[in-house]
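Each chain gets a letter, A, B and so on, in the order its sequence line appears, and its residues count up from 1.
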Amino acid sequence: MVPNAYRPREIEPKWQEHWARNGVFRTPSDAGRPKYYVLEMLPYPSGVLHMGHVRNYSIGDALARYKRMQGFRVLHPMGWDSFGLPAENAAIKNRRHPREWTRSNIDAMRRQLDAFGFSYDWDCEMSSCEPEYYRWNQWFFLRMWERGLAYSKKASVNWCPACATVLANEQVVGGCCWRHEETPVEQQEREQWFFRTTAYADELLGALDELKAGWPDRVLTMQRNWIGRSTGTEVDFAVEGSDQTIRVFTTRVDTIFGATCLILAPLHPLVAESGFAERGQRMATAAATKSPDDLEKEGFFIGRYAINPYSGERLPIWVGNFVVMTYGTGAIMAVPAHDQRDFEFCRKHRVEIVPVIRPEKGELARADEMAEAFAGYGVLENSGEFSGLASREAIERMSVYAEASGFGDASVTFRLRDWGISRQRYWGTPIPMIRCRSCGVVPVPEEDLPVLLPEDVRLTGTGEAPLRSVQEFVRVDCPQCGGEARRETDTMDTFVDSSWYFYRYADARNDAAPFASDRVADWFPIDQYIGGVEHAVLHLIYCRFFTKVMRDLGLIDWDEPIRRLFTQGMVIRDGRKMSKNLGNVVSPEELVSTYGSDTARMFALFAAPPDRDLDWQDEGVEGMWRFLRRVYRLLDRNAGKAAAASSKALNAADRAVLRKLHQTIARVTADFDTRWHFNTSIASIMELTNEIYSMESLVSDGVMQEALQGLSLLLSPFAPHLSEELWQMLGREGPVLDVRWPVCDPDLAREDSVQIVVQINGKLRDRLRVPKGLPKEQLSARARETERIRTLLAGKTVRKSIEIPDRLVNFVVG
RNA sequence: GCCCGGGUGGCGGAACUGGCAGACGCAACGGACUUAAAAUCCGUUGUCCGCGAGGACGUGUGGGUUCGAGCCCCACCCCGGGCACCA
């Protein structure tokens with residue numbers, strides 16, 4: 001008889017079609033079962049699935065299938081982050097409309113995802129570039145506008161000359177654009193729309209504690225740093241010869257008697273006012289394009305003085321390239337004796353250094369002997385009435401004093417800034433605002449939503465907003481006075497789209513509201529979110545912000561959208577991240593056509609634990625392919641055997657196979673429930689397969705059936721097509737997704753004897769097999785009896801012996 | 001500079017609570033089957049010494065705790081990532 005071969009190219013499409021026809025992936029609706037929401041980060045529809053996607057979605061699908069087999073009703077949706085720059089660039093290059101280009105990419109990618117057999121419920125699909133979705137972006141914008149959470153202001157913005165657009169602070173990486181890492185970001189003044197993320201700064205920070213249980217520490221730390229809360233004092237310094245004051249923020253007001261000058265950010269208004277506008281501008285640009293490491297501390301004196309409100313001293317006002325306008329007040333007091341940066345600046349520019357803090361146990365430093373600043377807390381000296389106080393207490397008392405005297409406040413400053421969402425781009429959500437000559441800024445009335453993105457637009461790739469040239473779009477009657485008015489022509493940052501998309505999945509076809517509250521309440525919070533760590537601060541802060549806004553709008557009644565977050569590692573090949581430029585990409589489509597998707601999925605999970613970077617090796621794929629074929633052959637030979645529920649006594653091989661089966665069930669189940677090390681899950685399934693192979697001719701038919709059924713089910717989260725095929729070969733009814741996950745029988749899994757290691761002084765000297773659970777005394781006695789140990793211990797005194805049941809005995813001899 | 005990860009055979013990785021280091025897989029080598037190849041199956045494979053039984057060494061480096069350390073503590077080196085003149 002010629003054995004049948006494993007032919008994934010036949011069985012995979014067959015089962016995909018079967019699943020689709022029978023609606024197997026549709027979200028179960030029976031309210032009796034507990035819910036589980038598994039979410040993977042939605043892709044940008046570039047048209048091509050890459051290995052990072054495959055890894056991400058293989059993890060998510062394994063979990064979704066496992067949970068479903070455990071009896072949960074699982075929501076497992078997928079959608080498209082389909083607005084964004086690449087569509088516009090492609091349109092310019094290929095003369096195709098972004099919508100057409102995007103939609104055909106989505107179709108292509110949906111096909112690729114389906115070719116992997118991922119269990120998505122496509123009935124929940126959303127795509128952010130469709131008006132059915134983006135109208136709700138506009139709706140949220142209007143709600144925020146009403147509450148003062150959306151506002152416009154003229155602001156100095158980050159401008160990327162390569163993208164020809166404004167970037168959010170989060171999109172600036174080391175002074176350069178996140179997409180064009182070689183292109184320095186420029187500063188420009190523009191009227192921009194902002195979301196007031198800072199209104200929730202304290203809450204976004206405080207709630208991180210609640211997320212500890214389910215989020216990686218790394219992400220929490222990154223968010224904490226990003227929000228960057230620091231407490232301190234704001235102090236006004238009067239400018240000599242004017243009624244102006246300069247406000248500075250400091251965390252160390254206790255050092256203020258050691259302040260020897262003020263330093264302004266190059267873009268501080270007073271710099272321009274004092275006639276140094278151009279010089280300041282130049283300095284700001286130079287500083288923005290260099291990393292802090294190789295930026296010399298430059299600066300200049302503007303010829304004016306300010307008065308220290310505590311000491312009455314007269315301090316020269318400088319401009320410094322290391323002072324940033326966007327943090328605190330854009331001005332600092334320099335205390336060179338107690339701040340290393342100030343120290344370097346003042347040393348270089350020959351500004352006086354005045355120590356005023358001495359270490360708790362030590363002398364006040366002498367200015368001319370200092371090699372570096374003393375930045376620690378200590379005791380105040382030469383600080384007027386505050387002398388003698390410890391730093392901590394002084395900070396408190398001096399803040400109170402400032403407030404009482406009316407020249408300052410205790411204050412809290414955040415690094416987090418409001419989210420600039422305006423983009424001078426076509427392919428995004430139109431901002432639903434109108435500017436009227438007589439009424440000013442007027443929101444588009446809700447009944448006029450959506451503000452549709454016009455289809456006929458000339459895209460040039462230059463800096464102006466493309467919508468500006470579409471007269472039918474721009475010209476509009478003012479909703480208030482009916483007069484001539486103009487629409488806002490900027491579109492929204494695409495991060496707005498992805499800030500709430502996962503709510504839409506729960507009620508994707510709602511055309512009266514972004515979603516119905518009861519439907520999202522049924523599914524939220526997301527039980528498990530899976531994606532790349534690169535979104536730790538952008539997307540994952542914005543979506544938390546949106547949830548808090550939605551809560552305050554009364555749409556939902558929870559504070560955080562995501563209970564558990566999992567960040568998978570990158571896919572690496574030849575020691576570097578896979579990328580087209582490096583020419584080291586592996587095409588998932590090719591893998592599917594050579595080996596089938598089950599092999600690709602299994603290997604993506606087997607090659608490394610999912611939270612670590614994965615080193616891609618083609619030979620490894622080959623090995624996985626061999627394994628699946630081996631499984632198939634095993635089933636092909638044995639599937640026909642009778643599943644007799646035999647009362648016959650089990651032979652030794654039967655017991656061994658059943659033991660391995662139930663041990664494997666326990667291991668795989670534990671991996672799902674705790675640490676997600678699917679590499680070890682799969683390794684243990686391989687061991688089970690090896691065990692069945694080696695016992696193939698010895699086990700009874702009933703046990704063989706039982707083992708093969710178990711094997712098929714254990715494989716199903718990882719290799720669903722093969723699993724479904726095997727299940728059918730075994731004569732069982734599918735779909736496997738609706739079969740209950742196997743349960744470990746501890747009696748069958750138990751080993752009846754264990755190997756014990758016998759050590760002398762910690763060195764391995766012998767092994768012996770004893771019944772499991774043998775108590776210490778007997779263990780020790782048995783260990784002394786073996787011939788090797790008897791000889792080795794002869795004539796020696798055992799000073800001490802350590803017995804660990806089921807593991808080892810260690811004799812300590814003198 | 002600060003904050004996270006990580007460092008284990010030729011390679012990817014395993015060792016879950018301090019208890020046999022190297023599971024599982026890859027690669028390599030030897031063998032079986034074959035006219036041959038592929039596929040498959042069986043076996044060997046941390047290093048060194050030894051004909052052998054066996055022994056010594058071995059988880060980035062140096063120290064420590066312990067009957068016992070890949071795992072805990074201290075100091076340091078290297079790789080990856082994040083943050084960064086944040087006042």
Side-chain angles (χ1 to χ4, degrees), chain A residues 3 5 173-174 216-222 224-226 228-230 232-233 248-253 255 263 265 287 290-293 295-297 320-324 326-335 339-342 344-345 413-416 533-534 536-537 569-570 572 575 577 602-603 606-609 611-624 626-627 629-630 633 667 670-671 674-675 677 679-687 689-690 693 755-764 766-767 788 799-804 806-813:
Chain A
V173 181
D217 285 342
R218 183 157 60 129
V219 173
L220 296 177
T221 308
M222 282 167 80
R224 203 167 284 125
N225 292 341
W226 193 262
R229 184 181 199 271
S230 56
T233 314
V248 306
F249 172 75
T250 176
T251 54
R252 292 296 304 275
V253 71
T255 65
I263 309 177
K290 268 196 182 161
S291 92
D293 267 342
L295 188 67
E296 271 289 306
K297 285 186 177 50
N321 61 349
F322 66 102
V323 180
V324 298
T326 44
Y327 182 77
T329 60
I332 63 164
M333 62 177 197
V335 185
D339 180 288
Q340 187 57 28
R341 293 154 305 177
D342 297 348
E344 286 164 22
F345 183 87
T413 294
F414 291 93
R415 206 192 85 107
L416 181 77
V533 73
E534 66 272 21
V537 283
M570 289 189 299
I572 306 281
K577 189 181 167 154
M602 291 273 286
F603 181 67
F606 179 69
D611 52 346
R612 265 207 252 167
D613 286 351
L614 184 159
D615 197 337
W616 188 270
Q617 286 177 335
D618 295 331
E619 303 80 23
V621 186
E622 196 76 37
M624 190 55 72
R626 268 202 291 271
F627 170 66
R629 283 193 353 227
R630 205 166 130 83
R633 279 198 309 275
R667 284 184 66 176
D671 274 335
T674 58
R675 49 180 204 161
H677 281 195
N679 53 331
T680 60
S681 310
I682 293 171
S684 70
I685 294 172
M686 288 172 167
E687 285 183 52
T689 307
N690 293 344
Y693 248 92
Q755 197 177 60
I756 297 293
V757 172
V758 186
Q759 298 179 336
I760 293 174
N761 286 344
K763 298 247 179 214
L764 175 66
D766 202 4
R767 299 165 213 264
R788 268 184 61 74
R799 279 195 294 136
K800 189 176 175 185
S801 73
I802 288 108
E803 300 89 12
I804 311 290
D806 296 342
R807 288 204 188 269
L808 61 63
V809 177
N810 186 13
F811 295 111
V812 185
V813 300

Asker: Answer with base, sugar-phosphate or nothing: what part of the nucleic acid does A:Arg807 contact at a heavy-atom distance below 4.0 Å?
Answerer: sugar-phosphate

Asker: Going by purine N1 to pyrimidine N3 plus the second Watson-Crick contact, or the G-U wobble pair, all under 3.5 Å, which nucleotide sits opposite B:rA56?
Answerer: B:rU47

Asker: Only pairs with both distances under 3.5 Å count, Watson-Crick or wobble alike; so what is the partner of B:rC83 in this structure?
Answerer: B:rG1

Asker: Apply side chain to side chain contact (heavy atoms under 4.5 Å, CB included) to A:Ile804 and A:Ile802, showing your working.
Answerer: CA-CA 7 Å; A:Ile804 311 290; A:Ile802 288 108; 4.0 Å; yes

Asker: Please classify the nucleic acid contact of A:Gln759 as base, sugar-phosphate, or nothing, using heavy-atom distances under 4.0 Å.
Answerer: base

Asker: Quote, to the nearest angstrom, the C1' distance that separates B:rG62 from B:rA69.
Answerer: 15 Å

Asker: Reckon A:Arg799 touches a base, only the sugar-phosphate, or nothing at all at heavy-atom distances under 4.0 Å?
Answerer: nothing

Asker: Considering every strand and a 4.0 Å limit on heavy-atom distances, what is the contact class for A:Ser230: base, sugar-phosphate, or nothing?
Answerer: sugar-phosphate

Asker: Once you apply a heavy-atom cut-off of 4.0 Å, does A:Gly228 come out as touching a base, just sugar-phosphate, or nothing?
Answerer: nothing

Asker: Which one is paired to B:rC41, where only Watson-Crick or G-U wobble pairs with both distances under 3.5 angstrom count?
Answerer: B:rG31

Asker: Contact class for A:Val812 vs. all strands (heavy atom < 4.0 Å): base, sugar-phosphate, or nothing?
Answerer: sugar-phosphate

Asker: How is A:Arg218 classified with respect to the nucleic acid when contacts are heavy atoms under 4.0 Å: base, sugar-phosphate, or nothing?
Answerer: sugar-phosphate

Asker: Once you apply a heavy-atom cut-off of 4.0 Å, does A:Asn810 come out as touching a base, just sugar-phosphate, or nothing?
Answerer: base

Asker: Just call it for A:Asp611: base, sugar-phosphate, or nothing, with non-hydrogen atoms closer than 4.0 Å on any strand.
Answerer: nothing

Asker: Quick one: label A:Arg788 by what it contacts on the DNA or RNA (base, sugar-phosphate, nothing), any heavy atom closer than 4.0 Å.
Answerer: sugar-phosphate

